[in-house]
Amino acid sequence: MRIEETTIPGAFLIEPDHISDDRGAFYESMRSDELERATGITFQPRQINYSVSRRHTLRGIHSVSIPPGQAKFVTCVRGVLRDILVDLRVGSPTFGRHQVNELDAASGRSVYVPEGVGHGFLALTDDSCICYVVSSTYVPGTQIDINPLDPDLDLPWDCAGTPLISEKDAKAPKLSEALAAGTLSDFDAA
């Protein structure tokens with residue numbers, strides 16, 4: 001398993017080692033002991049979520065306020081996704097910057113998303129399924145949503161045509177509006 005930090009501090013890309021034979025392949029997708037050894041981060045899963053999407057579905061940018069905070073270990077278990085992280089932590093050296101990764105079921109590549117960092121994805125295939133292993137259970141009213149089409153963020157979704165987007169995401173505030181409203185978490189709190 002290879003674990004390397006992305007351009008966003010505290011966010012990591014995880015590449016599993018595959019063992020293949022005539023039957024197919026086996027790999028370890030997530031090992032909390034390996035993550036802790038490589039990063040110093042203790043990650044204890046509290047909830048597992050799945051999201052299934054049609055091609056061109058755009059979901060995000062989502063985070064959770066601190067407290068309670070929520071780190072995520074994100075894996076594409078079917079299909080292919082363009083996965084984007086946005087640093088929403090006020091005071092972070094990379095505040096407002098993004099990291100793009102392609103996640104697909106065949107590679108088993110995963111992303112560790114630290115508390116305070118926003119996450120979103122574009123489904124590149126029909127019936128794409130993403131798995132979120134998260135560090136806290138759902139708490140109503142703590143979700144932070146940023147419009148994934150915020151022109152100031154200019155995220156490289158590269159969607160052929162108009163993406164399918166929820167009304168909630170389409171009406172979410174721009175990053176500058178969320179910052180002005182004081183809804184974002186502080187880098188030191190994360």
Side-chain angles (χ1 to χ4, degrees), residues 1-39 41 43 45-64 70-88 94 97-115 117-135 145-150 153-166 169:
M1 181 175 290
R2 291 168 306 287
I3 301 172
E4 66 180 57
E5 193 164 25
T6 68
T7 58
I8 295 176
F12 294 87
L13 183 64
I14 296 91
E15 295 271 353
D17 295 321
H18 290 246
I19 301 169
S20 300
D21 62 24
D22 293 341
R23 299 167 297 163
F26 170 86
Y27 61 88
E28 295 175 335
S29 175
M30 197 281 279
R31 285 189 49 171
S32 59
D33 63 331
E34 288 293 317
L35 185 65
E36 186 170 3
R37 181 192 57 72
T39 67
I41 295 168
F43 180 73
R46 299 281 189 209
Q47 184 171 319
I48 299 174
N49 305 318
Y50 292 90
S51 174
V52 179
S53 301
R54 293 174 30 195
R55 178 188 306 260
H56 304 307
T57 295
L58 177 57
R59 297 183 188 264
I61 300 295
H62 302 147
S63 187
V64 173
Q70 186 176 79
K72 302 172 185 176
F73 193 94
V74 181
T75 307
C76 179
V77 295
R78 186 174 55 240
V80 183
L81 308 168
R82 179 166 300 113
D83 192 83
I84 298 184
L85 308 180
V86 178
D87 196 339
L88 303 177
T94 56
R97 291 197 217 147
H98 65 271
Q99 167 76 37
V100 180
N101 298 293
E102 186 168 291
L103 303 182
D104 62 280
S107 73
R109 187 178 305 112
S110 299
V111 175
Y112 174 81
V113 185
E115 291 182 354
V117 171
H119 174 263
F121 68 88
L122 176 71
L124 301 179
T125 59
D126 281 327
D127 203 32
S128 289
C129 182
I130 190 169
C131 175
Y132 299 89
V133 178
V134 296
S135 66
D145 300 318
I146 302 296
N147 190 312
L149 300 175
D150 178 347
L153 287 175
D154 193 28
L155 300 174
W157 296 112
D158 300 329
C159 183
T162 303
L164 300 170
I165 187 170
S166 72
D169 286 346

Under 3.5 Å, is there a donor-acceptor pair between the side chain of Q99 and the main chain of L85? no

Backbone N or O of L81 within a donor-acceptor pair of the S128 side chain at under 3.5 Å? no

Ring centre gap for Y112 and F43 strictly below 6.0 Å: yes

Side chain D145, main chain H62, donor-acceptor under 3.5 Å: no

Backbone N/O of C159 and side chain of H56: donor-acceptor pair under 3.5 Å: no

Looking at L35, is its backbone amide N or carbonyl O close enough to the side chain of T39 to form a donor-acceptor pair, meaning the two atoms are under 3.5 Å apart? yes

For P148, does its backbone N or O pair with a side-chain atom of W157 as donor and acceptor, under 3.5 Å? yes

Determine yes or no for a side-chain-to-main-chain donor-acceptor pair under 3.5 angstrom, with S135 supplying the side chain and Q70 the backbone. no

Contacts of type ring pair (Phe, Tyr, Trp, His ring centres under 6.0 Å), residue F26, not counting sequence neighbours: none

Hey, are the side chains of R59 and S51 touching, using non-hydrogen atoms and a 4.5 Å cut-off? yes

Under 3.5 Å: donor-acceptor pair, side chain of D83, backbone of E102: no

How about R2: does its CZ atom have over 12 heavy atoms from other parts shown lying under 6.0 Å from it? yes

